[in-house]
2 protein chains.
Amino acid sequence: MTKKRARQAVILDLVAHHVVGSQEELRQLLLGRQMDVTQATLSRDIRDLGIARVGGEDGARYMLPEQVSAHDDKPLLANLLPQLFSRIDGVGELIVLHTVASGAQPIAEAIDQEDFEEVMGTIAGDDTILIVTRSSSARLALTARLLELAGES
Amino acid sequence: MTKKRARQAVILDLVAHHVVGSQEELRQLLLGRQMDVTQATLSRDIRDLGIARVGGEDGARYMLPEQVSAHDDKPLLANLLPQLFSRIDGVGELIVLHTVASGAQPIAEAIDQEDFEEVMGTIAGDDTILIVTRSSSARLALTARLLELAGES
DNA sequence: CGCTATAATGCATAATCATGCATTTAGTGC
DNA sequence: GCACTAAATGCATGATTATGCATTATAGCG
């Protein structure tokens, strides 16, 4: 069915260039292009096309995958640290980072994902993380970096 | 409120590592971590965190922005062309590309976005696109490329 | 062509998500 | 510690999205 493909193409186009906040809204836009389908069909089209829906201060909106990432600001750690950080300390090549309750696990994983070269490994409890770095100077460097990310610099 | 931040961090973590299909499901996961909130709160958290919801064959799922793009397969043009292409022809430095009804505009925009160096510009009607290339050989090269993208190679 | 199998769609409705308003909880400054 | 202000949350409900089932359109095929 050629109508379906054309419609889905138009949908991609509309979503890419307009702010589409609901399937009903999309339906109206399609009507303007002489395409009349029900919300049910749009729900299926959106699924097929892999279009994402993200909430925003001013209501939700549909976006193409490309747009979602563009809309994304910073890496995970930068998001979490300012929220969860409580204090940091260290000795030798060890850093002890304290977070708010339940914050250690997420932060530790985010640190792991960053793949800091200074880091040998991390162990996280509930609100405390032990970070083993490669050297004393690595510890100092990383501590500074983490403080900065936490917005405490 | 420190509980909110910790919860949101855990949510990011859960969404990153689990397949979360609904807010109610997320609620259950949080319960397992001794965090009890209502769906309403999760709706707000998800908005605040910029988490996206994308549909899939096996139901919808929440994803972090990073994951959405990763989940995305190919650029727009590669998605559209196989769906909308009908035939292509050309002469001199001009290409005339025919698409299914209503397909020209989306395809033309996608071509523009690709920024092909062979292309000087495009003009799209409803089902026909005129592509002006920089030279006769550029025309041949681009024609081949488009045919390939359309899966007609 | 007419017939069949398959895909696409609509309809009605269930499932899920968002939000206004009231209430509770933290955070601050005496 | 107490009063005060702002943030966070729950509750109830409205809005939006997803889906089972029946129907209709489309693509092949003889």
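Order of the sequence lines fixes the chain letters, A, B, ..., with proteins taken first and strands second; residue numbering starts at 1 for each chain.
Nearer the 5' end of DNA chain D, as judged by each residue's closest nucleotide, is the contact made by B:T38, out of A:A40 and B:T38. Checking A:G59 against A:D45, the closest nucleotide of DNA chain C that is more toward the 5' end is the one next to A:D45. Nearest-nucleotide positions on DNA chain C for B:Y62 and B:R44 put B:Y62 closer to the 5' end.
Counting non-hydrogen atoms of other residues, nucleotides and ligands closer than 6.0 Å to CZ of B:R134 gives a total above 12.
The base of D:dG10 has none of its N or O atoms less than 3.5 Å from a complementary donor or acceptor on the side chain of B:R27.
Going from atom CZ of A:R5 over to atom C1' of C:dT9 covers 16 Å, rounded to whole Å. Computed from coordinates, the A:K4 NZ to D:dT24 C1' distance equals 15 Å when rounded to whole Å. Look at CE on A:M35: it is 15 Å from P on C:dA8, rounded to the nearest Å. Put simply, CD on B:E24 is 13 Å from P on C:dA15, counting in whole angstrom units. Note: CD (B:Q39) to P (D:dA12) measures 13 Å, nearest angstrom. Atom CG in B:L42 sits about 15 Å away from atom C1' in D:dC11, given to the nearest Å. Across the protein-nucleic acid pair, A:Q23 atom CD and D:dA15 atom P stand 16 Å apart, rounded to whole Å. Summarising the geometry, the separation between CD1 on A:I46 and C1' on D:dT19 is reported as 15 Å, rounded to the nearest angstrom.
Within 4.0 Å of A:D36, counting heavy atoms only, lie sugar-phosphate atoms of the nucleic acid but no base atom. Among the protein residues, B:R53 comes within range of the sugar-phosphate backbone only, with heavy atoms under 4.0 Å from sugar or phosphate atoms but none that close to a base. Contacts of B:S43 with the nucleic acid, taken as non-hydrogen atoms under 4.0 Å apart, include base atoms.
Neither side chain, A:Q39 nor A:E24, offers a donor N or O lying under 3.5 Å from an acceptor on the other.
An OP1 or OP2 oxygen of C:dT9 is reached within less than 4.0 angstrom by no side-chain nitrogen or oxygen of A:T41.
In this structure, the side chains of B:Y62 and B:E25 stay at 4.5 Å or more apart for every pair of heavy atoms.
Remark: the backbone N or O of B:V37 is paired with a side-chain donor or acceptor of B:R27 at under 3.5 angstrom.
Here the side chain of A:S22 is nearest to one of C:dC11, C:dT19, D:dT17, namely D:dT17.
A salt bridge is absent between A:D45 and A:R5: the closest approach of a Lys/Arg side-chain nitrogen to an acidic carboxylate oxygen does not fall below 4.0 angstrom.
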